[in-house]
**Q** 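Encoded as structure tokens, here's the structure I'll be asking about.
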Amino acid sequence: MEDPWKDLVLTKNVPVPEHARRTTYPWERFEVGDSTFFEPDTTSEHDTAARLKNRMDQSARTFSKKQTPDWKFVMRVTLEEEKSGVRVWRVE
């Protein structure tokens, strides 16, 4: 059987970056029926509404699992006032 990782190159002694993107979102402030709009980081040319939604989905799932009963959020990439972003609703 051929090794699927035969071309893998491992690098030694690459330092871990000092700063990592660690953004917390105010999930605890939401009550059922609340919504708000978040915009991507305008200082980064690579941050898009879709990438922001992915980060927020994971963050909300992690937060929600710690609540009893689970909280539920719905997120959609939307265009508001000619700006692309993510609208978040707490539905449960």
Side-chain angles (χ1 to χ4, degrees):
M1 175 181 239
E2 186 175 328
D3 181 2
W5 298 103
K6 68 181 179 186
D7 296 329
L8 179 67
V9 177
L10 298 174
T11 307
K12 296 193 181 305
N13 302 317
V14 175
V16 176
E18 291 294 322
H19 62 286
R21 182 187 297 257
R22 289 190 53 96
T23 304
T24 57
Y25 298 97
W27 304 126
E28 68 282 348
R29 292 185 181 188
F30 281 76
E31 293 181 9
V32 175
D34 288 350
S35 77
T36 194
F37 181 75
F38 291 90
E39 289 182 54
D41 181 1
T42 57
T43 63
S44 170
E45 65 183 67
H46 301 292
D47 200 18
T48 64
R51 292 178 98 176
L52 173 62
K53 181 179 177 292
N54 287 340
R55 287 194 307 275
M56 294 177 74
D57 277 338
Q58 182 60 50
S59 174
R61 274 194 302 275
T62 300
F63 172 83
S64 295
K65 288 180 182 180
K66 296 176 185 173
Q67 308 310 306
T68 305
D70 285 0
W71 289 21
K72 297 211 182 338
F73 295 91
V74 172
M75 298 179 198
R76 297 288 185 267
V77 173
T78 62
L79 187 65
E80 298 190 15
E81 297 180 14
E82 298 185 22
K83 294 181 182 178
S84 182
V86 179
R87 168 95 23 204
V88 179
W89 293 265
R90 178 168 170 213
V91 295
E92 288 182 39

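Just so you know, these numbers come straight off a predicted model, no measurement behind them.
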**Q** Would a distance-only check, ignoring hydrogens and angles, find a side-chain to backbone donor-acceptor pair under 3.5 Å from Arg90 to Glu92?
**A**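 Checked: pair present.
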
**Q** Kindly indicate, with the supporting measurements, whether the criterion salt bridge (charged side-chain N to carboxylate O under 4.0 Å, His left out) is fulfilled by Arg55 and Asp41.
**A** CA-CA 12 Å; Arg55 287 194 307 275; Asp41 181 1; over 6 Å; no

**Q** Is the closest side-chain heavy-atom distance between Trp27 and Val88 below 4.5 Å?
**A**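 Yes, close enough: below the 4.5 Å cut-off.
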
**Q** Hey, could you give me each pair passing side-chain hydrogen bond (donor to acceptor under 3.5 Å, both in side chains) that has a residue in residues 66-79? Not counting sequence neighbours.
**A**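 Listed by first then second residue: Thr78-Glu80.
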
**Q** Testing the basics here: between Lys83 and Phe37, what is the closest heavy-atom pair and its distance to 0.1 Å?
**A**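 Looks like O-CZ, 3.5 Å.
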
**Q** List the atom of Leu52, the atom of Tyr25, and the distance in Å for their closest heavy-atom pair.
**A**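 Answer, listing the atom of Leu52 first, then Tyr25: CD1-OH, 3.6 Å.
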
**Q** Tell me whether Met56 shares a hydrophobic cluster with Trp89, the cluster being built from Ile, Leu, Val, Met, Phe, Trp, Tyr side chains joined at under 4.5 Å.
**A**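 No; tracing contacts between hydrophobic side chains, which count when under 4.5 Å, never links both residues.
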
**Q** How far apart are the closest heavy atoms of Phe38 and Thr36, and which atoms are they?
**A**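 Smallest interatomic distance, heavy atoms only, reads CE1-CG2, 3.3 Å.
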
**Q** How many angstroms lie between atom CG of Asn54 and atom OG of Ser59, to the nearest 0.5 angstrom?
**A**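 Interatomic distance, Asn54 CG to Ser59 OG, rounded to 0.5 Å: 12.5 Å.
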
**Q** Are Leu10 and Trp5 connected in a single hydrophobic cluster, I mean Ile/Leu/Val/Met/Phe/Trp/Tyr linked by side-chain heavy atoms less than 4.5 Å apart?
**A**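 Same cluster: Trp5 reaches Leu10 through Ile, Leu, Val, Met, Phe, Trp or Tyr contacts under 4.5 Å.
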
**Q** Could you pull out the closest heavy-atom pair between Pro40 and Ser84, with the gap in Å?
**A**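 Minimum heavy-atom contact is CD-O, 3.3 Å.
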
**Q** Going by the angle between their ring planes, with limits at 30° and 60°, are Phe30 and Phe73 parallel, tilted or perpendicular?
**A**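 Phe30 and Phe73: perpendicular rings.
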
**Q** Between Met75 and Arg87, is there a side-chain heavy-atom distance shorter than 4.5 Å?
**A**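 In short, these two side chains do not touch, never coming nearer than 4.5 Å.
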
